[in-house]
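Structure first, then comments.
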2 protein chains.
Amino acid sequence: MRYTTSEENYLKAIFHLGHGQQEAVLTSEIASNLNTTAASVTDMLKKLSEKELVSYERYRGVRVTRKGERAALDVIRRHRLWEVFLTDVLKFGWDEVHHLAEELEHVSSDELISRLDRFLGHPRFDPHGDPIPDKNGKLLAGKVRSLDGVNQGSDWVVSGVLDDATPFLQFLNRKGIRPGIRLNVIHIDPYDQSMLVAVESGREEYLSFDVTQLITVAQA
Amino acid sequence: MRYTTSEENYLKAIFHLGHGQQEAVLTSEIASNLNTTAASVTDMLKKLSEKELVSYERYRGVRVTRKGERAALDVIRRHRLWEVFLTDVLKFGWDEVHHLAEELEHVSSDELISRLDRFLGHPRFDPHGDPIPDKNGKLLAGKVRSLDGVNQGSDWVVSGVLDDATPFLQFLNRKGIRPGIRLNVIHIDPYDQSMLVAVESGREEYLSFDVTQLITVAQA
DNA sequence: TTTGTAATTTAGGCAAGTCTAATTTATATT
DNA sequence: AATATAAATTAGACTTGCCTAAATTACAAA
């Protein structure tokens, strides 16, 4: 294992919270993201900084370095490839693969991932619509527009979600919403921004603003 | 993870060294098998004994309990199923999958293993000819006769090997020997028991006694 | 400019798993 | 029956990753 499971999880969290490089991330954000304490995060930040995986100044937050970003993208690539394997090959639901992939992603072998990638036909997106970094750590333009802020009456194709937690995905499943499904925005409430949409199946579903923020869409 | 990776590795080692239950295993055997020290083994034996996975009396060796045997068989099942996946699906050589399976076997999810088993078509043997325990921990009769002690002139089919280390398997690969291959025993040296065999491909290969002990065969 | 406060860091500890060095024990051999 | 010795165990320590509680520090508000 190039880095420990713990180190990889921190790098992934910092990379994600910093929206892919750039932004400084707060100790407390990382702690809440990884379900741990701020003190533990501080400890780990010192270690990662020592290894030049993040640039860290006490009390000022962290950001991944080029090297740390590369390591994070490698983990993300493994995670997303395993998710494709779990849904496409083993037929798991798209709402139940995140947790398993979280374990499989730490198995270290470039050869394994390279063969898995080939076997799966070099997929470009995972089951949640997230792009899979290539073997050089290149990440294609990702999900962009989210469903909130879209016009009333417009048509869209769901491209992905911004939260991979099983309960949220099951909630969407119950409404027939998942990547690839077409949506028509019937009405947007001017007061709370809640939305009524027509799903491909013909059903009409009500979506609160919080939910529309977590669904990304592409042109129909 | 039902048990830690370390606990699972110790259970597997004790189970194997005890030839599947029964026999008491020595601390030093475990230490050398797991590449660690006798002191570390003693520590772990106390923990496993605490959890009733092994029955252990100081200075007298250990043996797995019913519960420990079950846990070991679960790990072995996962290991061997992943090996089949790696060779049959990802096309790894039979000599390079042991190490990777050693990592994958600790990913904990009964559902994952059950689906993997179904996808692979419920295989009964791994690439080295070892039987795969079923989901209830039942192990079919395994490899039996090894090539040493066989009669001069007799014909056999290689059923498996008793050592999964890559260097040994590569050595056999170079001689064209692997499970499923037919062998004819041309000559056995009366002094050192070394053997000259004709391999399916027509090649004749010389095998030292140490090697013949590690190859298992079935009736041709 | 001072001060209150929330966020962060430090200090001190714990558990798992490992190690080396010292001690104990079983047992084989006189 | 005594004893030598190889194997096993204990003692004491280290590392990683985590925690709680007690300082610190940045910075916004007065």
Side-chain angles (χ1 to χ4, degrees), chain A residues 1-18 23-64 68 71-72 75 102-103 105-108, chain B residues 1-18 23-64 68 71-72 75 102-103 105-108:
Chain A
M1 213 173 280
R2 199 182 249 93
Y3 302 110
T4 68
T5 293
S6 211
E7 287 170 338
E8 290 190 340
N9 286 336
Y10 274 94
L11 286 172
K12 236 191 343 167
I14 298 166
F15 178 81
H16 278 138
L17 292 169
E23 300 169 46
V25 177
L26 302 178
T27 299
S28 52
E29 294 181 277
I30 301 168
S32 105
N33 186 276
L34 294 178
N35 265 296
T36 186
T37 63
S40 302
V41 174
T42 300
D43 281 350
M44 183 56 92
L45 293 184
K46 287 186 207 153
K47 290 174 197 163
L48 294 177
S49 182
E50 200 62 42
K51 299 186 181 181
E52 307 197 272
L53 291 164
V54 302
S55 65
Y56 167 59
E57 270 183 284
R58 353 214 292 308
Y59 294 103
R60 306 238 135 116
V62 247
R63 54 194 77 211
V64 291
V75 182
E102 205 97 73
E103 286 196 59
E105 73 189 9
H106 301 293
V107 173
S108 66
Chain B
M1 216 172 279
R2 197 183 251 92
Y3 303 110
T4 67
T5 293
S6 211
E7 286 171 337
E8 289 189 340
N9 286 335
Y10 273 94
L11 287 172
K12 237 192 341 169
I14 298 166
F15 179 81
H16 278 138
L17 292 169
E23 300 168 47
V25 178
L26 302 178
T27 300
S28 52
E29 293 182 278
I30 301 168
S32 105
N33 186 275
L34 294 178
N35 264 299
T36 185
T37 63
S40 303
V41 174
T42 299
D43 282 348
M44 182 56 93
L45 293 184
K46 286 188 208 153
K47 290 173 197 163
L48 293 176
S49 183
E50 201 62 42
K51 298 186 181 180
E52 306 197 271
L53 291 164
V54 300
S55 65
Y56 166 59
E57 270 182 283
R58 349 214 297 308
Y59 294 103
R60 305 238 136 114
V62 248
R63 53 194 79 212
V64 291
V75 182
E102 205 97 73
E103 286 196 59
E105 73 189 11
H106 300 294
V107 173
S108 67

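Computed from heavy atoms alone, side chains included, the values below leave out hydrogens, waters and symmetry copies. Residue numbering restarts at 1 for every chain, and letters A, B, ... go by the order of the sequence lines.
When the P atom of C/dT18 is taken as reference, atom NZ of B/Lys47 falls 8 Å away, rounded to whole Å. Counting to the nearest Å, the P atom of D/dG17 and the CG atom of A/Asn35 are 18 Å from each other. The CG-C1' distance, from B/Asp43 to C/dA16, rounds to 10 Å in whole Å. Atom pair A/Met44:CE and D/dT15:C1' shows a separation of 12 Å (rounding to whole Å applied). Look at OH on B/Tyr59: it is 6 Å from P on D/dT10, rounded to the nearest Å. Atoms CZ (A/Arg58) and C1' (D/dA26) sit 12 Å apart, rounded to a whole Å. Rounded to an integer number of Å, the gap from B/Glu29 CD to D/dA7 C1' is 12 Å. Rounded to whole angstrom, the span from the CG atom of B/Leu48 across to the P atom of C/dT18 amounts to 11 Å.
Out of C/dT18, D/dC18, D/dA8, the shortest distance to the side chain of B/Tyr10 is found at C/dT18. When distances are taken from the side chain of B/Ser40 to each of D/dT9, C/dT9, C/dT18, the shortest belongs to C/dT18. Across D/dG17, C/dT8, D/dA8, the shortest atom-to-atom separation from the side chain of A/Leu26 is found for C/dT8. Comparing D/dG17, C/dT8, D/dT9 against the side chain of B/Tyr56 picks out D/dT9 as the nearest.
Among the atoms of the strands shown, only primed sugar atoms or phosphate atoms (P, OP1, OP2) are found under 4.0 Å from some heavy atom of A/Ser6. Nucleic acid contact for A/Thr37: base, since at least one base atom lies under 4.0 Å from a heavy atom of the residue.
At the phosphate of D/dA8, OP1 or OP2 sits under 4.0 Å from a side-chain N or O atom of B/Ser28. Side-chain nitrogen and oxygen atoms of B/Thr4 include at least one within less than 4.0 Å of the OP1 or OP2 phosphate oxygen of C/dG17. Contact check, A/Thr42 against C/dT9: a side-chain N or O comes under 4.0 Å of OP1 or OP2. Within the structure, every side-chain polar atom (N or O) of A/Thr36 is placed at least 4.0 Å from both OP1 and OP2 of D/dG17.
A pairwise comparison of heavy atoms in B/Val25 and B/Ile14 identifies CG2-O, 3.6 Å as the closest pair. Annotation for B/Leu11 and B/Val64: closest pair O-CG1, 4.3 Å, computed over non-hydrogen atoms.
Tested against A/Glu7, the residues A/Lys51, A/Lys12, A/Lys47, A/Arg2 include a single salt bridge (Lys or Arg N to Asp or Glu O under 4.0 Å) partner, A/Lys51.
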